[in-house]
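Reckoned from all heavy atoms, side chains included, excluding hydrogens, waters and symmetry mates.
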Amino acid sequence: MSKIYRFYAAILVTFALGIHTMAAQSLNQSLGNLSGFNQTEFGLKGSTPTGTFEVSLYSPSVIRVRIVKNNQHDDFSYSVIAQPKAVKFNLNDGSNKLTLSTDSVQLEITKNPVRFTLLTKDGKIVNQDDAAFGTSWIGDEVTTYKKLQPDEKFIGLGEKTGNLNRRGEGYTNYNTDYFGYPANADMLYVSTPFYIGLHSGLAYGIYMDNTYKSHFNFGASNNRFSSFTAEEGPMDYYLIHHKSVAEIIKSYTDLTGRMNMPPLWSLGYQQCRYSYYPDTEVLTVAKTFRDKKIPSDVIYLDIHYMDEYKIFTWNGQRFPNPDKMLEELKAMGFHVVIIVDPGIKVEEGYEAYEEGLKKDAFVKYPDGTNYTGQVWPGWCYFPDFTNPVARQWWGQSFKGYVDNGIDGFWNDMNEIATWGQRLPELMTFNYEGHPSTTRRARNMYGMQMARSTYEGTRSLLGGKRPFILTRAGFSGVQRYSAVWTGDNLPTDEHMMLGVRLVNSLGLTGIPYTGPDVGGFGGNTSVDLFARWISIGAFTPFFRGHKAINNADAEPWAYGEEVEEISRNYIQLRYNLMPYIYSNFYEASQSGVPVARSLAIYHPFDDRIYQGAYQHQYMFGPNIMVAPVESNKQITKVLLPSGSGWYDLHTGKYFAGNQEIYADCPKNQLPLYIKAGAIIPMQSPVLSAAEKNDGELKIHVYKGEGNSVFTLYEDDGETYEFEQGNFSTRDIRYDAKTKSITLAKPEGKFASKYSKVKLVLVGFEDLSKTAKVGGKKATVAKDNLSYLKAISKFDPIGAAGKVEGIPTQTISFDNSSSEIKVQW
Ligand code: MIG
């Protein structure tokens, strides 16, 4: 090419690019150059020709960035309950950037154009806007683009299918009723626009507080950015940086709230069916659990308990005397959870319909007429749960059911699901006095229904805790309700997906979740049920369910062997209840979930994201579950670094930081106990409320360092713990000084346990040296008989090996002073 020719070519290219850029600018508008700013109490406010932004601190590690075009949006959020805080910060006005620094992080804001970079205190980039796009609009749709960091991984985003590491995937948030969803479906029932990014040993969280339909891209179809988009409303997001994933979840739940303690009984096994009726069938199911000595606490009534599916009624033929039925169930130790759907039948004279009309409580079209959609009862109106009047009315309408003796409420169809599944988008919702369209309200509807049900039934139950379950929800739903993962299918793929959904919801601040054990839509194979019920025993919300027109699906419906396997795993869960209940308490205090993806403990160990290991999780701090498909007899397991591990079934000890093969016949879910673990257990019961021998069995697995477990106790059924009627007690194991100490309990609640038995696994012979409170202790041998029970149908003979665990016990009376055991 001649020189002159090259010159003209260059001009042409420049010209073409210029046109291109101009066109691009008018189509995609990004936040422009800084035209002014001022410092505020919590951070700063700034403006550009395209839009304005506000940076506010919620803690030294939590920064809210709110960006709006020149049009205004209200600043109302159902989701975030925290307020900005006047934390110490410094704002430096440099020539081309502003730097806001706290004791923990720095936020750099370049001026031309305005782009945001989050850095550690010592200057490492944690999260950075794409330099060209930053925050941009296409019409009303707003997106923030973040530069992809080397080997960046993404976890969280709640109830989303796909892998633990979401890199390369994209997702949309718009609550959707998706019957029999394929294992790669998007969208599902719950939307939680929060994720955690991981790279270069650094972790951060981003919560976009916007309920409009939103889109998250984690490097899908591009290798340049991750991004989050809201179709309308402000770009309003929170940047969180901490060293650990657990602290990020804690900060996220400082913003969106935490689970309140659920009733103890709801942590037991729950049996559901679409639908058990009439009353005699319900009673027979309950009695069968008791006759077969399969522990269980709950039976569900699905839609057939109502008169023509009309909420707040009973079907008089099927349930002629609900009070009596509920009394009989109570006498057997059962609680009943009823389904409630939002749709209220349009029928003159029907009380709920008339009342709702009187209160003007229904969702409306913009012309003021009530939206009418079709569900089970036929044409229905729908309470506007974003209207405080509607919430109050709905909540109090449970009086009849509560008087009958119901204390569990299952909120279904609250996406809103209607026949046709095309919820019109033009409706007007009250939205707490900020009138909004369906587009803004849809993702919030389920959460506000759960809230209304929770607040109403809590006030009606005279101090007792209701159990609330919901299908739809949004960030913050954990404050009101447990969540189940909707209409899954009886396949191995769905069983494994259920594990990922629960773990991902846990990473997203929702700790009390579970899938329908066995799979909802269709018949379950014998082997699949055996595996699923075993995994279910280690799932926060533990419920078996089955759709209409399928075979029986109770634990005894799959033959004698699976009945035995079910009994053993369910029983093991009940034996573990002191441990599980304490883990729920921890979740209620810190937001750290009950089922903890390995990404909480080992986020930078690449192996945990591999297909073979991505389902593994810690159930509480000490039990690792390695879920495996039902058709496998042997599986690979990753034993993470940092401690050794004991095979729960055989007692065999393994060093950490290795990959092993584990046997997994259908009666043996691979379960590993962390060396140094402290696991408080109890003697068998058939329901949570049943009194047992009052012996707390504290299992301690020999380890090398120090460990501590905080045992939490309260009455399990009231809110008196809010007035201090609970107790926490640290149990400390110190391998170096060879001691186990039960600290003096804190709090008013007197322990349910009058005796303590230490069950010491893997220790040297203690019979000569052990002392309790300075006095020589009696050391007995034990064979961990609760584990032997699991192995009754054991094709590989683990039962024999269990006998071989060197296990010793030391028993003493419980007391409310410090108890020290030494050897
Ligand atoms: O249109 O109430 O996800 O658990 O059994 C289906 C009947 C309505 C969907 C729920 C499912 C429940 C079913 N419901």
Inset, instruction - Can you run down the side-chain hydrogen bond (donor to acceptor under 3.5 Å, both in side chains) pairs that involve residues 420-432, sequence neighbours left out, and say none if there aren't any? - result: Tyr78-Glu432, Tyr174-Glu425, Asp177-Gln421, Thr211-Tyr431, Arg391-Glu432, Glu425-Arg439

Inset, instruction - Just do the side-chain hydrogen bond (donor to acceptor under 3.5 Å, both in side chains) check on Asn443 and Tyr445 with the steps written out, would you? - result: CA-CA 6 Å; Asn443 281 334; Tyr445 189 83; over 6 Å; no

Side chain of [X], backbone of [Y]: donor and acceptor closer than 3.5 Å?
{"X": "Glu169", "Y": "Phe218", "value": "no"}
{"X": "Ser226", "Y": "Gly219", "value": "no"}
{"X": "Asn222", "Y": "Phe225", "value": "yes"}
{"X": "Asp140", "Y": "Glu232", "value": "no"}
{"X": "Thr50", "Y": "Ser30", "value": "yes"}
{"X": "Thr369", "Y": "Tyr365", "value": "no"}
{"X": "Thr99", "Y": "Glu108", "value": "no"}
{"X": "Tyr189", "Y": "Tyr178", "value": "yes"}
{"X": "Glu247", "Y": "Ser244", "value": "yes"}
{"X": "Thr110", "Y": "Pro113", "value": "yes"}

Rounded to the nearest 0.5 Å, what separates atom [atom1] in [X] from atom [atom2] in [Y]?
{"X": "Phe474", "Y": "Met444", "atom1": "CZ", "atom2": "CE", "result": "5.5 Å"}
{"X": "Leu202", "Y": "Lys124", "atom1": "CG", "atom2": "NZ", "result": "6.0 Å"}
{"X": "Thr229", "Y": "Tyr212", "atom1": "OG1", "atom2": "OH", "result": "15.5 Å"}
{"X": "Ile249", "Y": "Thr508", "atom1": "CD1", "atom2": "OG1", "result": "7.5 Å"}
{"X": "Asn33", "Y": "Asn112", "atom1": "CG", "atom2": "CG", "result": "4.0 Å"}
{"X": "Arg471", "Y": "Met449", "atom1": "CZ", "atom2": "CE", "result": "10.5 Å"}

Beyond-backbone contact of [X] with [Y], side-chain heavy atoms, under 4.5 angstrom:
{"X": "Ile63", "Y": "Leu118", "result": "yes"}
{"X": "Met235", "Y": "Met208", "result": "yes"}
{"X": "Val65", "Y": "Phe116", "result": "yes"}
{"X": "Ser35", "Y": "Pro49", "result": "yes"}
{"X": "Ile155", "Y": "Ile196", "result": "yes"}

Taking all atoms of both residues into account, what is the closest heavy-atom pair of [X] and [Y], and its distance?
{"X": "Ser504", "Y": "Leu157", "result": "OG-C, 4.2 Å"}
{"X": "Ser79", "Y": "Met447", "result": "CA-CE, 4.4 Å"}
{"X": "Leu507", "Y": "Phe194", "result": "O-CE2, 3.5 Å"}
{"X": "Asn414", "Y": "Ala472", "result": "OD1-N, 3.0 Å"}
{"X": "Pro424", "Y": "Tyr371", "result": "CD-CE1, 3.6 Å"}
{"X": "Pro234", "Y": "Arg66", "result": "CG-NH2, 3.8 Å"}

When you check the side-chain N and O atoms of [X] and [Y], is any donor under 3.5 Å from an acceptor?
{"X": "Thr161", "Y": "Asn184", "result": "no"}
{"X": "Ser191", "Y": "Asn175", "result": "yes"}
{"X": "Thr135", "Y": "Thr144", "result": "yes"}
{"X": "Ser475", "Y": "Tyr252", "result": "yes"}
{"X": "Ser251", "Y": "His242", "result": "yes"}
{"X": "His215", "Y": "Glu141", "result": "no"}
{"X": "Gln448", "Y": "Arg451", "result": "yes"}
{"X": "Asn173", "Y": "Ser214", "result": "yes"}

Inset, instruction - Kindly check if the number of other-residue, nucleotide or ligand heavy atoms within 6.0 Å of NZ (Lys243) is above 12? - result: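 No, because the 6.0 Å sphere around NZ of Lys243 holds 12 heavy atoms or fewer from other groups.
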
Legend entry - Other residues, nucleotides, ligands: >12 heavy atoms within 6.0 Å of Asn223 CG: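 At most 12 heavy atoms, drawn from other residues, nucleotides or ligands, come within 6.0 Å of this atom.
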
Legend entry - Test log, rule side-chain hydrogen bond (donor to acceptor under 3.5 Å, both in side chains), inputs Asn165 and Gln614: CA-CA 8 Å; Asn165 176 12; Gln614 64 168 338; over 6 Å; no

Inset, instruction - Please step through side-chain contact (heavy atoms from CB on, under 4.5 Å) for the pair Arg442 and Leu423, ending with a clear verdict. - result: CA-CA 9 Å; Arg442 176 167 172 151; Leu423 191 67; 3.7 Å; yes

Inset, instruction - From the options Thr48, Asp93, Asn96, select the one residue that forms a side chain to side chain donor-acceptor pair (under 3.5 Å) with Lys111. - result: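 It is Asp93, the one option of Thr48, Asp93, Asn96 that forms the side chain to side chain donor-acceptor pair (under 3.5 Å) with Lys111.
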
Inset, instruction - Kindly indicate, with the supporting measurements, whether the criterion side-chain hydrogen bond (donor to acceptor under 3.5 Å, both in side chains) is fulfilled by Thr253 and Gln478. - result: CA-CA 9 Å; Thr253 53; Gln478 66 269 14; over 6 Å; no

Inset, instruction - Please determine if Arg166 forms a cation-pi arrangement with Tyr171, meaning its NZ or CZ atom is less than 6.0 Å from the six-membered ring centre and no more than 45° off the ring axis. - result: yes

Salt-bridge present ([X], [Y]; N to O < 4.0 Å):
{"X": "Lys153", "Y": "Asp606", "result": "yes"}
{"X": "Lys146", "Y": "Asp129", "result": "yes"}
{"X": "Asp74", "Y": "Arg440", "result": "yes"}
{"X": "Arg224", "Y": "Asp130", "result": "yes"}
{"X": "Arg258", "Y": "Asp254", "result": "yes"}

Legend entry - Chi angles and distances behind the side-chain hydrogen bond (donor to acceptor under 3.5 Å, both in side chains) call for Asn92, Ser101: CA-CA 8 Å; Asn92 179 57; Ser101 36; over 6 Å; no

Please list every donor-acceptor pair under 3.5 Å in which a side-chain atom of residues 52-59 meets a protein atom from a residue at least two apart or in another chain.
unit_1 : atom_1 : unit_2 : atom_2 : d
Tyr58  : OH     : Arg64  : NH1    : 3.0
Ser59  : OG     : Ser61  : N      : 3.0
Ser59  : OG     : Val62  : N      : 3.2

Legend entry - is_close_aromatic(Tyr237, Phe228), centroid dist under 6.0 Å: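 Tyr237 vs Phe228: aromatic centres under 6.0 Å.
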
Legend entry - His434 ring center near Phe76 ring center (under 6.0 Å): yes

Inset, instruction - Please report the C-alpha distance between Arg596 and Glu586 in whole Å, then the side-chain angles of each, then the deciding distance to 0.1 Å, and finally whether the salt bridge (Lys or Arg N to Asp or Glu O under 4.0 Å) criterion is met. - result: CA-CA 12 Å; Arg596 306 171 182 178; Glu586 193 189 350; 2.8 Å; yes

